[in-house]
Asker: 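Take a look at the following structure, please.
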Amino acid sequence: MTLPDAHEIRRAVSTRALSAVELCRASLERISALNPALNAFITVAADRALERAVRLDASADRPALPLLGVPIAVKDNICTRGIRTTAGSRVLDGYEPPYDAAVIERLENAGAIVVGKTNCDEFAMGSSTEHSAFGPSRNPWSPDRTPGGSSGGSAVAVATRMTPLALGSETGGSVRQPAALCGVSGLKPTYGRISRYGLIAFSSSMDQVGPFATNIADLAALLQVLAGPDHRDSTCLTEAPPDYAATLDDGITGLRVGVPRDFLSDGVDPGVRDAFDVSLEVLRAAGASILDIDLPHARYATPTYAIVAMAEASSNLGRYDGVRFGPRGDADTLNGMYLRTRALFGREVKRRLMLGTYVLSGGYYDAYYVRAQRVRALLRQDYDRAFEAVDVIATPTSPTTAFPLGARIEDPLQMYLADIFTTSANLSGLPALSVPCGFADALPVGLQLTGRAWDEAMLLRVGAEYERRTAWHLQLPPTAV
Ligand code: GLN
């Protein structure tokens, strides 16, 4: 059976119309049936999930839990105590974290059930999941194509209803782009909204956990559980989040939607552009006004992102030396051990570690890293200015639909261009949402909405109104009916 959405599951389990165990089994069976062809999961934690379901069915305070009995898939760069956590890398093969990430604690306190760990590009570096040491995930709409990345496995799990919800992570589009390419909703929250404690670090000034769901009400419920202060992550906002469900039905009459026309002028596939133009008409019909805006520095986002992300990665990944985590390369000398261990990194990670080290090195630091930080500040100013005139900014999430597996793997520049519309929000720390907005050649297209810092509520409200007026989010991929 295809799984109901999270709200329906919560209702069914709290009234005992269905048990958490039945739903957990349904999720696990669907994973067994679909995963061999799609490779969404690296690890399925069936026993642990069923044990938790049994305990939930037996416990007394169940009805109050906001995600009671809801199966959820978790990207494999988020630490789960006692469940292998690889980040898609051979460097962490077999690693079992001694603790749960903050988001896992929050999920479990809310009654959700983690059923497994999803496939991703190695250390979240990529846009297709092809850089996973565990083989690529496949797009359920067309299995010879990529689901996007790096949180591709999570997007596939939700698109095929193996689980109604999933967690991904974002450094530069890794939730929104796969959400768009798989036809589900995905959110990159404001930097600091969700604790990063237990999220395996890639680029610490941008990394953020993000939720996937099949509809906006579920996405809001999941964000509500994940968001909030955590003293273990000093970048985490100390204020509690607002009630996201409370404003979902407020409509968008009088709202101002900005479109950065210049930035969108080239490189967007005609089918994507058509779907995007139609989605603007939907927003207009709902009472919003559509205004042109300028983001003059947005076209520098991709190279700026690359420099910042690679520099921070080269520092963060220094810890994988065989001493504390994962497998250890055998050698007679300390240096030999480092070399053997670090030889386990895949090609893309090695490329980025070398480039990152280069841009931080003496003589180049000012030319690359310092300059990138300056562009980053200018980009944020572009947004601040734009948000004086508009309430949200709309673009396509990705310039293309899902590309064929293998098409860009030898061409890093082409791969990085998959992120041209997404990385600006990461560099600026702003929240951004992708919602399904149509199809081009039978492949899903995503509409991206970017908002003011801390204003996820506005994005969810616009997304909910858009969803009420369209049926794209209800379409199921042919491999999953
Ligand atoms: N695709 C981008 C990259 O390759 C972003 C990855 C991410 O958001 N984790 O770095």
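First listed ligand is number 1; within each ligand, the first listed atom is number 1.
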Asker: Any chance the side chains of Thr146 and Glu130 put a donor and an acceptor closer than 3.5 Å?
Answerer: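 There is no such pair between these side chains.
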Asker: Numbering the atoms of ligand 1 from 1, which are under 4.0 Å from a heavy atom of Ala124?
Answerer: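 Those atoms are 6 (C), 7 (C), 9 (N).
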Asker: Considering only protein heavy atoms, which is closest to atom 2 (C) of ligand 1, and at what distance to one decimal place?
Answerer: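 Looking only at protein heavy atoms, the one closest to atom 2 (C) of ligand 1 is Asp419 OD2, 3.1 Å.
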Asker: Is there a heavy atom in Ser150 that sits closer than 4.0 Å to ligand 1?
Answerer: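 Yes, that is the case, since the closest heavy atom of the residue is under 4.0 Å from the ligand.
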Asker: Taking the six-membered ring for Trp, are Phe263 and Phe421 ring centroids under 6.0 Å apart?
Answerer: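 That pair passes the under 6.0 Å test.
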Asker: Do Asp419 and Ser127 have side-chain atoms, one donor and one acceptor, less than 3.5 Å apart?
Answerer: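 On atom types as modelled, these side chains qualify, holding a pair under 3.5 Å.
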Asker: How far apart are the closest heavy atoms of Ala275 and Val445, and which atoms are they?
Answerer: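 For Ala275 versus Val445, the nearest heavy atoms are CB-CG1, 4.0 Å.
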Asker: Please report whether ligand 1 has a polar contact with Ser169, defined as an N or O pair separated by less than 3.5 Å (distance criterion only).
Answerer: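 Checking ligand 1 against Ser169, no N or O pair falls under 3.5 Å apart.
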Asker: Among side-chain atoms of Thr422 and Gln177, is any donor-acceptor pair under 3.5 angstrom?
Answerer: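 No, no side-chain donor-acceptor contact under 3.5 Å.
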Asker: Any side-chain donor paired with an acceptor under 3.5 Å for Arg84 and Thr43?
Answerer: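 There is such a pair (donor and acceptor under 3.5 Å, judged by atom type) between the side chains of Arg84 and Thr43.
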Asker: Relative to the heavy atoms of Gly173, which atoms of ligand 1 are at a distance of less than 4.0 Å?
Answerer: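 So the answer, numbered in order with elements, is 8 (O).
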Asker: Considering the heavy atoms of Gly172, write down every atom of ligand 1 situated less than 4.0 Å from one of them.
Answerer: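 Within the 4.0 Å cut-off of Gly172, ligand 1 contributes 2 (C), 5 (C), 7 (C), 8 (O).
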Asker: Is a side-chain N or O of Glu456 found less than 3.5 angstrom from the main chain of Thr190, in a donor-acceptor match?
Answerer: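 Yes; at least one donor-acceptor contact below 3.5 Å.
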Asker: Backbone, side chain, both or neither: what part of Phe202 comes under 4.0 angstrom of ligand 1, heavy atoms only?
Answerer: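 The side chain, only.
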Asker: Less than 3.5 Å between some nitrogen or oxygen of Ser127 and one of ligand 1, yes or no?
Answerer: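 For ligand 1, there is an N or O atom that lies under 3.5 Å from one belonging to Ser127.
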Asker: Starting from atom 4 (O) of ligand 1, what is the nearest protein heavy atom, named by residue and atom, and what distance separates them?
Answerer: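 The answer is Arg352 NH2, 2.6 Å.
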Asker: Between Asp269 (side chain) and Gly271 (backbone), is there a donor-acceptor pair under 3.5 Å?
Answerer: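 Here the side-chain-to-backbone pair does not exist.
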Asker: Quick check: Gly149 and ligand 1, any N/O pair under 3.5 Å apart?
Answerer: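 No - when backbone and side-chain N and O of Gly149 are compared with those of ligand 1, no distance drops under 3.5 Å.
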Asker: When you measure from atom 10 (O) of ligand 1 to every protein heavy atom, which one gives the shortest distance, and what is it?
Answerer: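 Ranking protein heavy atoms by distance from atom 10 (O) of ligand 1, first comes Tyr305 OH, 2.6 Å.
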Asker: How close does the nearest protein non-hydrogen atom get to atom 6 (C) of ligand 1, and which residue and atom is it?
Answerer: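 Going by distance alone, atom 6 (C) of ligand 1 is nearest to Ser174 OG, 2.8 Å.
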